[in-house]
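These notes concern the structure reproduced below.
Note: hydrogens, waters and symmetry copies are ignored here, and every other heavy atom, side chains too, is used. This is a predicted model, so every value here is computed, not measured.
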Amino acid sequence: MNNAVYKMERPTNEPARDYAPGSREVGLLLEEVRRQSGIQVEIPLIIGGKEIKTGDTTDVVMPHDHAHKLGCFHKVGKAEVEMAIEAALSARKAWALLSWEERVSISLKIAELICTKYRYLINAATMLGQSKNVWQAEIDSACEVTDFLRFNSYNASELFCEQPVQSYSTMNRLEYRPLEGFVYTVTPFNFTAIACNLNMAPVVMGNVTVWKPATASVLSSYYLMKIYKEAGLPDGVINFIPGSGSVISDTVLSHKYFAGLHFTGSNETFNGLWRQISSHLPRYRSYPRIVGETGGKDFVFAHNSADLDELATAIVLGAFEYQGQKCSASSRSYIPKSIWPALKEKLVGRIARIRMGDPADPKNLMGAVIDEKAFDLIASYLDAAKQSPDVEVVAGGGHDKSKGYFIEPTILLCADPHYATMETELFGPVMSIYLYEDEKFEEALALCDETSPYGLTGSIFSKDKYAATEACRALRYAAGNFYLNDKTTGAMVGQQPFGGSRGSGTNDKVGSVYNLIRWISPRSVKENFQPPKDIVYPHMM
């Protein structure tokens with residue numbers, strides 16, 4: 001028996017490679033992009049470690065070249081959903097009884113495989129299937145995936161060390177049990193890292209999952225599953241079932257051993273799942289844990305002391321990197337009237353330098369939005385804005401889906417602070433700006449706070465410390481991740497635990513102990529060395 005107490009060292013963030021022109025790394029990445037572009041992958045379900053092909057398939061295409069087919073995936077039916085649940089429950093006991101060190105060792109091996117052997121594979125799949133440029137793929141599918149796996153392993157080790165106070169007459173301990181059942185994971189298209197983490201965070205704590213990946217990111221999700229297998233993750237611990245959300249959810253959420261939901265996606269979907277869960281409460285073995293990160297209408301708020309170059313750069317990168325398809329992307333700004341003319345010039349100049357096109361060209365900052373549904377929604381708002389007397393199109397506004405789903409980086413100046421694009425999450429490259437009178441700084445802060453139902457990310461730009469502090473306090477609940485003189489995107493695992501409240505989710509901070517603690521059910525155990533032998537207390541004598 002190994003009686004050693006294993007202690008992990010706190011990890012550091014995985015360094016991002018810069019893929020400089022002519023470098024070996026950019027050559028290897030683009031070679032992998034060309035390889036994957038030239039093949040078609042048939043993606044099966046993976047249930048209990050077995051590949052299952054249902055024959056009901058959907059094509060996987062490039063958003064930036066939607067005629068180019070990367071492969072197809074088989075869609076799950078009700079019978080296969082039931083198989084996935086049974087496979088998860090069959091794997092549960094052995095996985096839960098495995099020591100945490102053994103579970104962590106698999107997680108760390110997955111991280112090592114991704115950041116070394118499969119770095120270019122997973123990055124290329126993310127670029128092609130999700131239309132991310134070289135840098136956006138690198139910081140997501142290589143670096144953030146690795147960070148989640150390493151920091152969750154470390155945070156689990158720290159959590160397991162937490163024990164209650166002891167006394168001489170008793171021994172007290174906490175056992176960190178996984179949930180009694182399976183976790184349903186519903187992952188989004190926009191981050192390969194989220195697809196990984198929503199499964200691996202519960203798994204490292206001893207749980208098993210039934211995984212519905214986003215249709216638009218099935219390719220990178222499939223490669224994650226293959227890497228898990230190579231790293232030694234036992235069959236059935238994660239079960240991969242792409243397909244219709246309603247087909248999967250109706251079966252999963254009515255099962256007695258549904259124990260938790262780990263979700264990232266839209267408010268509408270999350271609210272619907274929560275309602276379904278509530279309607280089934282009497283049949284569950286335990287009250288399910290519901291953990292979700294949903295939308296955001298993320299803001300940039302400027303004081304008139306702001307550095308204009310810093311402010312302009314933050315607005316452009318925060319709004320337009322990855323086509324504005326980040327939950328944290330900036331989409332509304334509040335700017336003092338006095339600085340607008342100079343800021344406008346800087347914004348237009350930066351946008352003019354943005355190249356948009358195939359992510360395989362490292363010079364392109366932007367690719368396409370994810371699919372036709374997203375394109376049509378964003379385009380409809382842009383077309384309406386062009387006709388509105390309350391809106392000036394400062395830059396962009398164009399859109400074209402003839403080859404790929406391309407939306408120009410767009411800035412709208414809105415006379416009405418409650419115009420549709422100031423309040424509605426479009427999940428695209430659209431920044432709406434409202435100008436406020438400089439002397440109405442406090443009123444503008446209140447407007448920013450009250451306009452949106454969300455509370456995910458936001459930033460204040462100010463060189464005046466008093467003004468920055470006032471904004472931080474006034475916007476205390478407006479953002480779960482708040483930035484001073486920085487863009488609203490780019491939270492780092494271990495540095496800025498990510499999540500928001502209000503309409504943005506349950507704020508359980510992915511990549512931190514606050515998330516991991518949701519996937520355990522602690523048991524307090526007391527051993528009494530001197531049990532009482534009589535019923536008489538001292539005051540009764």
Side-chain angles (χ1 to χ4, degrees), residues 1-18 25 95-120 122-123 138-166 172-178 191-207 209 224 227-234 237-238 262 291 481 490-499 508-522:
M1 175 182 286
N2 180 8
N3 291 320
V5 177
Y6 179 65
K7 180 170 176 58
M8 290 189 64
E9 293 298 319
R10 184 178 180 86
T12 57
N13 294 102
E14 173 67 16
R17 300 179 183 178
D18 59 17
E25 61 210 23
W95 181 246
L97 290 177
L98 203 64
S99 71
W100 71 266
E101 297 97 327
E102 295 296 340
R103 293 199 300 267
V104 159
S105 73
I106 294 173
S107 183
L108 294 176
K109 185 170 182 179
I110 294 168
E112 191 65 15
L113 287 171
I114 286 173
C115 72
T116 56
K117 182 179 179 180
Y118 293 117
R119 193 182 200 107
Y120 303 121
I122 201 73
N123 280 356
E138 169 71 7
I139 61 175
D140 168 21
S141 50
C143 296
E144 191 169 25
V145 166
T146 300
D147 287 347
F148 273 133
L149 292 163
R150 289 175 177 164
F151 276 90
N152 279 341
S153 297
Y154 169 76
N155 289 330
S157 75
E158 292 291 291
L159 179 59
F160 292 141
C161 287
E162 185 69 27
Q163 289 296 319
V165 172
Q166 306 298 324
N172 303 306
R173 65 183 187 269
L174 276 177
E175 293 180 358
Y176 293 96
R177 306 171 299 180
F191 279 91
T192 304
I194 297 176
C196 175
N197 182 63
L198 263 58
N199 285 283
M200 288 304 299
V203 160
V204 81
M205 304 307 290
N207 296 281
T209 71
L224 285 176
I227 295 168
Y228 297 161
K229 176 76 171 178
E230 183 173 331
L233 188 71
V237 172
I238 298 177
H262 208 188
V291 176
N481 282 63
M492 296 278 285
V493 179
Q495 297 187 38
Q496 300 94 29
F498 189 80
D508 289 293
K509 297 298 184 190
V510 293
S512 77
V513 70
Y514 304 110
N515 183 275
L516 296 184
I517 204 166
R518 298 301 307 278
W519 308 117
I520 54 173
S521 178

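- Listed by chain and number, the residues in a side-chain contact (heavy atoms from CB on, under 4.5 Å) with S105 are E102 (sequence neighbours excluded).
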query: When you look at K7 and E101, which way does the salt bridge (Lys or Arg N to Asp or Glu O under 4.0 Å) test go after all the steps?
result: CA-CA 9 Å; K7 180 170 176 58; E101 297 97 327; over 6 Å; no
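- Each of V203, T209, N207 was evaluated against V237; a single residue qualifies, V203, per the side-chain contact (heavy atoms from CB on, under 4.5 Å) test.
- Within the 4.5 Å cutoff, side-chain heavy atoms of L113 are placed close to those of E230.
- Closest heavy-atom contact between E144 and A491: OE2-O, 4.2 Å.
- When every heavy atom of C115 is checked against every heavy atom of R150, the shortest pair comes out as SG-NH2, 3.4 Å.
- Closest approach of V104 and S153 over heavy atoms only: CG1-CB, 3.6 Å.
- A distance-only check finds no donor-acceptor pair linking the side chain of N13 to the backbone of D147 [under 3.5 Å].
- Between the side chain of N515 and the backbone N or O of G511, no donor-acceptor pair lies under 3.5 Å.
- Under the side-chain contact (heavy atoms from CB on, under 4.5 Å) criterion, A142 pairs with R119, N123, E138, sequence neighbours left out.
- When the ring-ring contact (aromatic ring centres under 6.0 Å, His included) test is applied to Y120, no partner is found at least two apart in sequence or on another chain.
- Residues F151 and V510 fail the side-chain proximity criterion, which asks for heavy atoms closer than 4.5 Å.
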